[in-house]
*Asks:* 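To start, I am sharing the structure in question, which I have written as structure tokens.
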2 protein chains.
Amino acid sequence: MSDDRASQTECHRCPLRKQSIFRPLDENELNFVSRFKTGELTVDPGSTILLEENKTPHLYTILDGWAFRHKSLVDGRRQILNFAFPGDLLGLQLAILSEMQHTVTALTRTTLCVFQRDKVWSIFKEYPTLAYSMTWMAAREEQMVDGHLLSIGRRNAFERLAYLIIHLYERAKVAGYAGNQTFDAPFTQEHLSDALGITPVHTNRTLKKMQMRKLISWRSERIQILDRSGLEAVAAYEPEGDGQRPLI
Amino acid sequence: MSDDRASQTECHRCPLRKQSIFRPLDENELNFVSRFKTGELTVDPGSTILLEENKTPHLYTILDGWAFRHKSLVDGRRQILNFAFPGDLLGLQLAILSEMQHTVTALTRTTLCVFQRDKVWSIFKEYPTLAYSMTWMAAREEQMVDGHLLSIGRRNAFERLAYLIIHLYERAKVAGYAGNQTFDAPFTQEHLSDALGITPVHTNRTLKKMQMRKLISWRSERIQILDRSGLEAVAAYEPEGDGQRPLI
DNA sequence: CGGTCATTTGAAGGACCTCAAGCTTAGTGG
DNA sequence: CCACTAAGCTTGAGGTCCTTCAAATGACCG
């Protein structure tokens, strides 16, 4: 949660990394990014990146690592809203609404690209392409949360788990954390249960059932999808957007 | 679902109405809006404004009326993601991601302001203030969905209902559909149950219980909050953002 | 006044929760 | 190398919340 070593190198990877994956930044943008970026930050697993109450002046992009957005009731019941992967923007709500209503916590050792949030307005004024990308990411994030809401509201535990596994696999894949129907699982069953909206005990039983049916296996921090079409069938899975920013 | 009578009058109310509530549009923006707006559209209760599969070339703002965003599984189980009120933007996902993954349906007779979605990019290029407002609205919408996800995932039926009632009251209030702890309820118990993620039968029983405990009353299309602090207590309610766009 | 739709109520079953204990694993220090 | 600990995982038993099915009641409308 510290280690704010600034480095001006490879900045072009970060501001909206999705974009640089699909389209190289132009000169203006590169110039801008180097002005806008404050530095990099690496945090350990379990550390808080953004806290609900706090008003940090920062906005982040994940360069490497997993994190998760979550929100709790006063009595401690916690709901994981979504997981965050490289390229994802953290703290946009804070920058735009000047209020965060959720917390972001690192799941693995995570490297972030740090920006000044008070410069967001100047992005809109001077770099419409970047602004558009930010909005693109916000819209995409909302689309994912919509999907989770449908899942939590209308699927049973077994179906929810199937859906979440597929979702995580797909996201891990684009981040490079997956391969061959297998992906890293740097989380505990408790994290899963907080994402699924069920108890750890029931999550455990549901996982067991899913392994018993040879749909997945989970050994040593890795989850393998054994029967993709079987999983899709129980989840009533419908593929999400392909993650590609449209050409404008 | 038709009646596309164009009218150039009072356009300044619509493009991002929130904004015009808090700050008058400047000359540039007014000029822009009149170029950008296609017309107005009024739809009857129950009609579909935006359909998941469809690629309408339109983007809407609600001028008057209630609508709701929802999403279903293939077998028909439906989840209401959020309700939409005057000032809300509909179809931003379609415009930005070129893909809608939910449907929007009118709850009351609803009047919409219609825009061409392919002009969104020109907003970003030429009217950064409007672009910023659009992003503001997207961020706010996501914040609301986050709140619902916490609710559905971690509150029980009684608590969910309490939360939803307060939420709807607060939103109806800014839209002018509420007054004196009372608000319009242009929906059925089935809508409520789809928003809460529970069955109609259980929704009915939960409503009964809530009326029995003198927390609310529901008569002739109007819901009255009888005990606000009692409701807040059961919901563990925490106020949302004040809906005011920050000055930039 | 019949028909349709929303609401209401009952009874029974099942999904998920709670509580509680035992287990496994990895890390720590003697 | 072996306690010892702590955190996570596993399993059982019982209870509760919510669902399902089914039928009755009420409200509205032509």
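A note on names: the letters A, B, ... follow the listed sequences, proteins ahead of strands, and every chain is numbered from 1. Just so you know, these numbers use all the heavy atoms, side chains as well, and skip hydrogens, waters and symmetry mates. Predicted, not measured: the structure shown is a model, and the values here were computed from it.
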*Asks:* Rounded to the nearest angstrom, tell me the gap between atom CG in A/Leu196 and atom P in C/dA15.
*Replies:* 17 Å
*Asks:* Is the shortest distance from a Lys or Arg side-chain nitrogen in B/Asp146 or A/Arg69 to a carboxylate oxygen in the other one below 4.0 Å?
*Replies:* yes
*Asks:* Given C/dA6, D/dC9, C/dT9, identify the nucleotide with an atom nearest to the side chain of A/Asn204.
*Replies:* D/dC9
*Asks:* Looking at B/Arg154 and A/Asp194, is any side-chain nitrogen of the basic one under 4.0 Å from a carboxylate oxygen of the acidic one?
*Replies:* yes
*Asks:* Round to the nearest Å and state the distance from B/Gln211 atom CD to C/dT7 atom P.
*Replies:* 12 Å
*Asks:* Tell me the interatomic distance from B/Met212, atom CE, to C/dT8, atom P, rounded to whole angstroms.
*Replies:* 11 Å
*Asks:* Please tell me whether A/His191 and A/Thr188 have a donor and an acceptor in their side chains that are separated by less than 3.5 angstrom.
*Replies:* yes
*Asks:* What pairs of donor and acceptor atoms, side-chain ones from residues 198-208 of chain B against any protein atom, are under 3.5 angstrom apart with sequence neighbours left out?
*Replies:*
{"from": "B/Thr203", "atom 1": "OG1", "to": "B/Thr199", "atom 2": "O", "distance (Å)": "2.8"}
{"from": "B/Asn204", "atom 1": "ND2", "to": "B/Gln189", "atom 2": "OE1", "distance (Å)": "2.9"}
{"from": "B/Thr206", "atom 1": "OG1", "to": "B/His202", "atom 2": "O", "distance (Å)": "2.6"}

*Asks:* Can you give one letter per nucleotide of nucleotides 12-30 of chain D, going 5' to 3': B for a protein heavy atom under 4.0 Å from the base, S for sugar-phosphate only, - for none?
*Replies:* BB----BBBB---------
*Asks:* B/Leu192 CG to C/dA6 C1': how many Å, rounded?
*Replies:* 13 Å
*Asks:* If you apply the rule side chain to side chain donor-acceptor pair (under 3.5 Å), what do you find for B/His58 with B/Thr38, and how did you get there?
*Replies:* CA-CA 9 Å; B/His58 296 130; B/Thr38 296; 5.3 Å; no
*Asks:* Verify the contact: side-chain N or O of B/Lys208 to OP1 or OP2 of C/dT9, cut-off strictly under 4.0 Å; return yes or no.
*Replies:* yes
*Asks:* Rounded to the nearest angstrom, tell me the gap between atom CZ in A/Arg77 and atom C1' in C/dT18.
*Replies:* 14 Å
*Asks:* Without decimals, in angstroms, what is the distance between A/Gln189 CD and D/dC9 C1'?
*Replies:* 6 Å
*Asks:* Closer than 4.0 angstrom, basic N to acidic O: yes or no for B/Arg171 and B/Glu240?
*Replies:* no
*Asks:* Could you give the CG-to-P distance, from A/Asp75 to C/dC17, as a whole number of Å?
*Replies:* 15 Å
*Asks:* Between atom CZ in A/Arg219 and atom P in D/dC9, what is the gap in whole Å?
*Replies:* 16 Å
